[in-house]
Amino acid sequence: MAGPVRYEVADGIAVATITNPPVNALSVALRGALLEAARQAGADPAVKALVIAAEGRSWIAGADISEFGKPPMSPTLPDVLAAIEACPKPVVAAIHATALGGGLEVAITCTARVVAPAAKLGLPEVKLGILPGAGGTQRAPRLMGAAAALKLMTSGDPLDAKAAVAAGLADELAASDLLAAAKAHALKLAAGPLPKPVAQRDENLGPREAFEKEAAALAKRAATEPQIAACIASVRNAYELPVAEALAKERQFFRELLQDPRSKALRHVFFAEREVAKIPGLPEGTKPRKVERAAVLGAGTMGAGIAMCFANAGIPVRVIETDEAAMQRGLDRIRGTYEASVKRGSLTPEKRDARMALIEGAVGLEAAGEADVIVEAVFEEMSLKKQVFGTLDKVAKPGAIIASNTSYLDIDEMAAATSRPGDVLGMHFFSPANVMKLLEVVRAKQTAPDALVTATELGRRLGKVPVVVGVCFGFVGNRMLARRTAQVERLLLEGALPEQVDKALTDFGFRMGPCAMGDLAGLDIGWRIRKATGKRAPVADALVEAGRLGQKTAKGYYLYPEGARAGVPDPEVAALIERISAQEGVTRREIGREEILDRLLLPMVNEGARILEEGIAARPGDIDVVWLHGYNWPAWQGGPMHYADARGLKEIADRLAAFAQQTGDESLVPAPLLARLAAEGKGFASLKPA
Ligand code: 3H9
């Protein structure tokens, strides 16, 4: 019967080969089969040693994360490890690829570890808000020393094969035939007395001072990330408690952290980031088109940043402008950005030269004729965009993807200016384009499935996280942001000050609040859009009209004395806001922190519900990914839709309804989808993909 482990005995050695696609996660079936293999090898007089090998792209990727939060099923991972440890014969792990989390915990319970050059060994649990919960905090220190083990588990990043051997985490690097090397290693061990279990190798813990130094360096993170504090405490137990007690404590930390809402949020993010790559409704077997050359229209800030994305991924790119001078300015801007990276030491001069060599300036749209993908980043004006698309229709080669980087304009209208709407879509990069990971791939009405797949694959090649969204004003991210921005203005008018608004969001976990963000980006951007669309924001307008454009004029919502990056509150701004409140006939009042936070976040959730209802985003998790990678939503808060689910949609809907009544703002009335789910006692997570 085909199970997750193939058990074979030859020449006195039992080999248990794991096949549990896609990544050999430790599901209950695999745990059972591994436990059985250890017992069988131990009991069989014909077997001298056991080798645990695996097939597929991972050795073992760790515990099955989808089982977390469900009732535990026997055998547990500690049961399996106890069986491996109790095996009276040497057990050798033959690691060909990634051994992560619980996977590495299996490996370090074995008597020895032989690794192939492609192996990667790590304890990434902290990234899921937990700590290694199956002996990792006790056994890793007893192989590589407590200080190094603490570093490994708090960074969450794996060691490659060579580094793992050097650190003592693995015993042998097999240059070619891994299985043969592991068998030979096992036979050698079988010939002598059985080495003591890793859990008893206290002599390897290393000096306590080295560990405490490492722990002290983590104090800042430990104060805000409970999983880091738990790693420190648990590894410290290796010095202070008998190992059985330390293991029991580790298990207790693990169980507690698993229940923490922050870990739940991080696990949600793990799955949402993988789910987002699946595009619903595509014909089976849709293949991407070939992309070997790119063109970017417009060499402004966005265009230059997008061109760099292509060059950074090794794709030759033409940066096209309307005249020589603008083109040169664009190239200079790109060179300047690379130069700054070289100065900072984050880029070598060789890489800078290699990247610059992939970027070519050109004048006139005809220069886009050879490109497989063309990204338009010209001025945000529909008539101009339509003209550009009309010309591209004539000059682009057949099958080329024609993409717009527009932040809010209608892609369908642009597609209609061509005779090939199937090739047209949006590729919305976020500023700075060469840094931010989000890419909204906008699927227009007639976008061909293979064009869509080409854009998402290309996005991944560029190191982005592509999220497929539909056409609407502002797509997913900016459409929701607009709701928050409107509330910032209202809160300031009603009684809050910029520093209170910003603090609500930085306390929540954002790196920056909206007022500081506005100052950084330049307040004139929003002002220009409002003027063009006939909208007003009395406070923000007054700031711009008083010459306060943000950091570039050393004053905006805040003051930036002598080019300071962090602004300081300005009494003049407070006075200006009070004056505007009076002009608008609003009586100012004290607004509490909770109200500020909810007024900023819940309208976004409400807009997210509308976005889901309209099918602009396929899944609530997709919206979360947009906010995590485009706007630095703190991962441990899971994204706006997960955050709402975690608080309960009934509470969210009630708060919104109360705000709507209090302010008379219709947009705050709970969206029909939100109201329905709240009434049914469900969350957004209960929805099936659109
Ligand atoms: C742990 O071990 C706790 C223990 O200390 C204590 C236990 C008591 N579980 O990423 P990919 C799925 S905590 C369930 O696209 P890649 C994933 O959702 C765990 N599912 O592949 C996806 O599914 P789908 C510590 C998992 O080749 C598919 O596999 N371990 C798990 O780019 C492919 O995933 C980790 O944190 C899992 N553990 O990268 C490692 N892992 O196709 C987490 C993956 O349906 N995993 N899936 O969308 C990874 O970092 C990467 O998946 C890996 C492969 C590097 C392994």
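In what follows, every heavy atom counts, from backbone to side chain, and hydrogens, waters and symmetry copies are set aside.
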Side chains of [Y] and [X]: any donor to acceptor distance under 3.5 Å?
{"X": "Asn405", "Y": "His428", "answer": "no"}
{"X": "Tyr557", "Y": "Asp502", "answer": "no"}
{"X": "Glu545", "Y": "Trp527", "answer": "yes"}
{"X": "His629", "Y": "Glu273", "answer": "yes"}
{"X": "Gln551", "Y": "Arg565", "answer": "yes"}
{"X": "Arg333", "Y": "Thr337", "answer": "no"}

Check the surroundings of atom [atom1] in [X]: do more than 12 heavy atoms from other residues, nucleotides or ligands lie under 6.0 Å from it?
{"X": "Met327", "atom1": "CE", "answer": "yes"}
{"X": "Arg593", "atom1": "CZ", "answer": "no"}
{"X": "Lys445", "atom1": "NZ", "answer": "no"}

Self-check item: Of Thr553, Val544, Asp541, the residue whose pairing with Leu523 passes side-chain contact (heavy atoms from CB on, under 4.5 Å)
Solution: Val544
Quiz item: Among Ile623, Val626, Leu628, which one satisfies side-chain contact (heavy atoms from CB on, under 4.5 Å) with Pro640?
Solution: Ile623
Nearest non-hydrogen partners of [X] and [Y], listed with the distance:
{"X": "Ala635", "Y": "Val269", "answer": "O-CG2, 3.7 Å"}
{"X": "Val319", "Y": "Gly298", "answer": "CG1-O, 4.3 Å"}
{"X": "Gly129", "Y": "Leu266", "answer": "N-CD1, 3.4 Å"}
{"X": "Gly470", "Y": "Phe475", "answer": "O-CD2, 3.6 Å"}
{"X": "Ile320", "Y": "Ala295", "answer": "CD1-CB, 4.1 Å"}
{"X": "Ala400", "Y": "Ala371", "answer": "CB-O, 3.5 Å"}

Quiz item: Hey, does the side chain of Ser346 reach the backbone of Ser341 with a donor-acceptor pair shorter than 3.5 angstrom?
Solution: yes
Supply the atom-to-atom distance [X] [atom1] to [Y] [atom2], rounded to the nearest 0.5 angstrom.
{"X": "Thr454", "Y": "Met427", "atom1": "OG1", "atom2": "CE", "value": "9.5 Å"}
{"X": "Arg490", "Y": "Glu584", "atom1": "CZ", "atom2": "CD", "value": "8.5 Å"}
{"X": "Tyr558", "Y": "Leu543", "atom1": "OH", "atom2": "CG", "value": "11.5 Å"}
{"X": "Thr663", "Y": "Leu491", "atom1": "OG1", "atom2": "CG", "value": "10.0 Å"}
{"X": "Leu597", "Y": "Gln500", "atom1": "CG", "atom2": "CD", "value": "13.5 Å"}
{"X": "Leu520", "Y": "Cys515", "atom1": "CG", "atom2": "SG", "value": "13.0 Å"}

Practice problem: State yes or no: are the ring centers of Tyr643 and Phe508 separated by less than 6.0 Å? | Solution: yes
Quiz prompt | Candidate pair Arg329 and Asp332, rule salt bridge (Lys or Arg N to Asp or Glu O under 4.0 Å), full reasoning | solution = CA-CA 5 Å; Arg329 274 198 305 276; Asp332 289 346; over 6 Å; no
Could you check whether [X] pairs with [Y] (Lys NZ or Arg NE/NH1/NH2 to Asp/Glu carboxylate O, under 4.0 Å)?
{"X": "Lys397", "Y": "Asp372", "result": "yes"}
{"X": "Arg548", "Y": "Asp519", "result": "no"}
{"X": "Lys385", "Y": "Glu380", "result": "yes"}
{"X": "Glu225", "Y": "Lys220", "result": "no"}
{"X": "Arg289", "Y": "Asp450", "result": "yes"}
{"X": "Lys127", "Y": "Asp157", "result": "yes"}
{"X": "Lys552", "Y": "Asp524", "result": "yes"}

Quiz prompt | Worked check of side-chain contact (heavy atoms from CB on, under 4.5 Å) between Leu439 and Val465 | solution = CA-CA 6 Å; Leu439 177 70; Val465 180; over 6 Å; no
Within the structure provided, determine whether [X] and [Y] are in side-chain contact (heavy-atom separation under 4.5 Å).
{"X": "Asp423", "Y": "Ile401", "value": "no"}
{"X": "Ile279", "Y": "Leu282", "value": "yes"}
{"X": "Leu392", "Y": "Leu297", "value": "yes"}
{"X": "Arg530", "Y": "Arg536", "value": "no"}

Self-check item: Derivation of the side-chain contact (heavy atoms from CB on, under 4.5 Å) call for Lys290 and Glu292
Solution: CA-CA 6 Å; Lys290 212 161 62 185; Glu292 287 172 349; 3.4 Å; yes
Show the atom names and distances, to 0.1 Å, of all donor-acceptor pairs under 3.5 Å that link a side chain in residues 302-316 to residues at least two apart or in another chain.
unit_1 : atom_1 : unit_2 : atom_2 : d
Asn312 : OD1    : Tyr338 : OH     : 2.5
Asn312 : OD1    : Arg355 : NH1    : 3.4
Asn312 : ND2    : Met308 : O      : 3.2

Exercise. Tell me, please, which residues at least two apart from Tyr631 pass ring-ring contact (aromatic ring centres under 6.0 Å, His included).
Key: Phe430, Trp627
Self-check item: side-chain contact (heavy atoms from CB on, under 4.5 Å) between Glu572 and Leu559, worked out
Solution: CA-CA 9 Å; Glu572 264 182 41; Leu559 260 187; over 6 Å; no
Exercise. Go through Arg599 and Glu494 one step at a time and tell me if the salt bridge (Lys or Arg N to Asp or Glu O under 4.0 Å) criterion holds.
Key: CA-CA 12 Å; Arg599 291 269 301 271; Glu494 288 173 29; 2.9 Å; yes
Self-check item: Aromatic plane relationship, Phe473 with Tyr408 - under 30° parallel, 30 to 60° tilted, over 60° perpendicular
Solution: tilted
Could you pull out every donor-acceptor pair under 3.5 Å between side chains of residues 600-614 and any protein atom, sequence neighbours left out?
unit_1 : atom_1 : unit_2 : atom_2 : d
Asn606 : OD1    : Ala671 : N      : 2.8
Asn606 : ND2    : Ser667 : O      : 3.1
Asn606 : ND2    : Val669 : O      : 2.9
Glu607 : OE1    : Arg483 : NE     : 2.5
Glu607 : OE1    : Arg483 : NH2    : 3.1
Glu607 : OE1    : Arg610 : NH1    : 2.6
Glu607 : OE2    : Arg479 : NE     : 2.7
Glu607 : OE2    : Arg479 : NH2    : 3.1
Arg610 : NH2    : Ser667 : O      : 2.8
Glu613 : OE2    : Leu673 : N      : 3.2
Glu614 : OE1    : Arg479 : NH1    : 3.0
Glu614 : OE1    : Arg479 : NH2    : 3.4
Glu614 : OE2    : Arg479 : NH2    : 3.0

Exercise. Would you check, one step at a time, whether the test salt bridge (Lys or Arg N to Asp or Glu O under 4.0 Å) holds for Lys555 with Asp570?
Key: CA-CA 9 Å; Lys555 51 187 186 173; Asp570 184 352; over 6 Å; no
Quiz item: Could you walk me through whether Arg335 and Met356 pass the side-chain contact (heavy atoms from CB on, under 4.5 Å) check?
Solution: CA-CA 7 Å; Arg335 201 171 292 112; Met356 278 310 294; 3.8 Å; yes
